[in-house]
Amino acid sequence: MTATGIERITVVTLFPQMVTTVAEHGVVGRAIADGAIKLACENPRDFATDKHRTVDDRPFGGGPGMVMQFAPVVGAIRAARESGPEGARTVLLSPQGERFSHQKAVALGRQAHLILVAGRYEGLDERIVEAEIDEELSLGDFVLSGGELAAMAVVDSVVRLLPGTLGHSDSAVEDSFAEGLLDHPHYTRPASVDGREVPAVLQSGDHAAIASWRRQQRLGRTWLRRPDLLATMSLSEEDQALLEAFRASRDDG
């Protein structure tokens, strides 16, 4: 780990072309072009030893599908580890993992080198996890065909936190989940569309009132849509008052 944060992300994947598309567009593309981060891939097929470049085999004990073999995947992980700064953190994208969160993205962004392992088929030989994986992460309780999409989501979430990556210095701080709350509503011109008006407070020029309204909306939306998030928070007296006023406005409506 370094004081300056992440320098390199390497994805271990059988489909590097999928992952590298994230480097061609948007926030991640700009960060790579500016030299703020390096993104690379290691393909386990490059470490297979037979002429067919085999990376999977039938599971011991029987059952459906195939399992990724130890040697090719470990070879790719170790090559990835050697390609970047010391002390790399190796993360497997897995349905069995901890739920990925903004707080986890912040923590991973403090690593100098992050290695993301994208599984395929029925999964990895468990001995790979035992020997090489520091932690497992999941995007949620649903099934993907492989870990590449999950890895791309982690890459985007981590890279956008780099200083200077976003257009405004406050953007990452004010994002949904940055402090455990959902985001407030956003509006732009024109002020009236199909009979729907931008809230008057946002047109008032009163910055304190706008900040208070936005805070209230974040609290209220979280209460409505993700009460589980509020249950883990300790709200200030001001936040409690804002939330109560939001609830009262809903009851009056």
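Numbering of residues begins at 1 and proceeds along the displayed sequence. Not measured: the values here are computed from a predicted model.
Val129 and Phe47 end up in different hydrophobic clusters when Ile, Leu, Val, Met, Phe, Trp and Tyr side chains are linked at under 4.5 Å. Put simply, Val193 and Tyr187 are part of two different groups of oily side chains (I, L, V, M, F, W, Y) that touch within less than 4.5 Å, one to the next.
Between Ser83 and His113, some side-chain heavy-atom pair lies under the 4.5 Å cut-off. Val12 has its side chain within reach of Pro44: a pair of non-hydrogen atoms, C-beta onward, lies under 4.5 Å apart. The shortest side-chain heavy-atom distance between Val158 and Asp156 does not fall under the 4.5 Å cut-off. Annotation: side chain of Leu235 is in contact with side chain of Leu219 (closest heavy-atom distance under 4.5 Å). A heavy-atom distance below 4.5 Å is not found between the side chains of Lys38 and Ile9. Contact of the Leu14 side chain with the Arg45 side chain is registered, since non-hydrogen atoms from C-beta on lie closer than 4.5 Å. Between Ile115 and Glu42, every side-chain heavy-atom pair lies at or beyond the 4.5 Å cut-off.
A salt bridge links Glu135 with Lys104: the closest approach of a Lys/Arg side-chain nitrogen to an acidic carboxylate oxygen falls below 4.0 angstrom. The pair Asp183-Arg221 does not meet the salt-bridge criterion, since no charged nitrogen lies less than 4.0 angstrom from a carboxylate oxygen. In this structure, Arg127 pairs ionically with Asp125, as a charged nitrogen and a carboxylate oxygen lie closer than 4.0 Å.
Ring-plane geometry between Trp223 and Phe246 is classed as perpendicular, the angle between the planes exceeding 60 degrees on a 0 to 90 degree scale with a lower cut at 30.
Counting only distance, with no hydrogens or angles, the side chain of Arg89 and the backbone of Leu114 share no donor-acceptor pair below 3.5 Å. Using a distance-only test at 3.5 Å, with no hydrogens or angles considered, a donor-acceptor pair links the side chain of Ser204 to the main chain of Val201. Between the side chain of Thr20 and the backbone N or O of Pro16 there is at least one donor-acceptor pair closer than 3.5 Å. Proximity of a side-chain donor or acceptor of Thr222 to a complementary backbone N or O of Leu182 within less than 3.5 Å is detected. A donor-acceptor distance shorter than 3.5 angstrom exists from the side chain of Asp206 to the backbone of Ala208, with no hydrogens or angles considered. Using modelled atom types, no side-chain atom of Glu98 and backbone atom of Ser138 make a donor-acceptor pair closer than 3.5 Å. A donor-acceptor pair is defined here as one N or O able to donate and one able to accept, closer than 3.5 Å; such a pair exists between the side chain of Gln216 and the backbone of Leu242.
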Verdict with reasoning, Ile6 to Leu108, per side chain to side chain contact (heavy atoms under 4.5 Å, CB included): CA-CA 8 Å; Ile6 197 158; Leu108 293 178; 5.9 Å; no
Pair Ile133-Val117, side chain to side chain contact (heavy atoms under 4.5 Å, CB included): steps then yes or no: CA-CA 9 Å; Ile133 301 300; Val117 181; 4.0 Å; yes
Trace of the side chain to side chain contact (heavy atoms under 4.5 Å, CB included) decision for Arg226 with Leu181: CA-CA 9 Å; Arg226 290 293 305 276; Leu181 296 174; over 6 Å; no
Working for side chain to side chain donor-acceptor pair (under 3.5 Å), residues Glu238 and Ser236: CA-CA 5 Å; Glu238 181 180 359; Ser236 67; 5.1 Å; no
Verdict with reasoning, Arg247 to Arg250, per side chain to side chain contact (heavy atoms under 4.5 Å, CB included): CA-CA 5 Å; Arg247 288 170 171 166; Arg250 299 280 299 184; 5.6 Å; no
Under 3.5 Å, which donor-acceptor pairs link side chains of residues 59-80 to any protein atom two or more places apart or in another chain?
unit_1	atom_1	unit_2	atom_2	d
Arg78	NE	Glu132	OE2	2.8
Arg78	NH2	Glu132	OE2	2.6

Show me the donor-acceptor pairs, under 3.5 Å and distance only, between side chains in residues 144-153 and residues at least two apart or in other chains.
unit_1	atom_1	unit_2	atom_2	d
Glu148	OE1	Arg120	NE	3.0
Glu148	OE1	Arg120	NH2	2.9
Glu148	OE2	Thr13	OG1	2.7

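One side chain, Arg8 or Thr10, offers a donor N or O that lies under 3.5 Å from an acceptor on the other.
Between the CZ atom of Arg30 and the CZ atom of Arg160 there is a distance of 10.0 Å, given to the nearest 0.5 Å.
Contact record, Thr21 with His25: O-CD2, 3.2 Å, taken as the closest heavy-atom pair. A pairwise comparison of heavy atoms in Ala31 and Val159 identifies CB-CG1, 3.6 Å as the closest pair. Of all heavy-atom pairs spanning Gln111 and Gly87, the tightest one is OE1-O, 4.1 Å.
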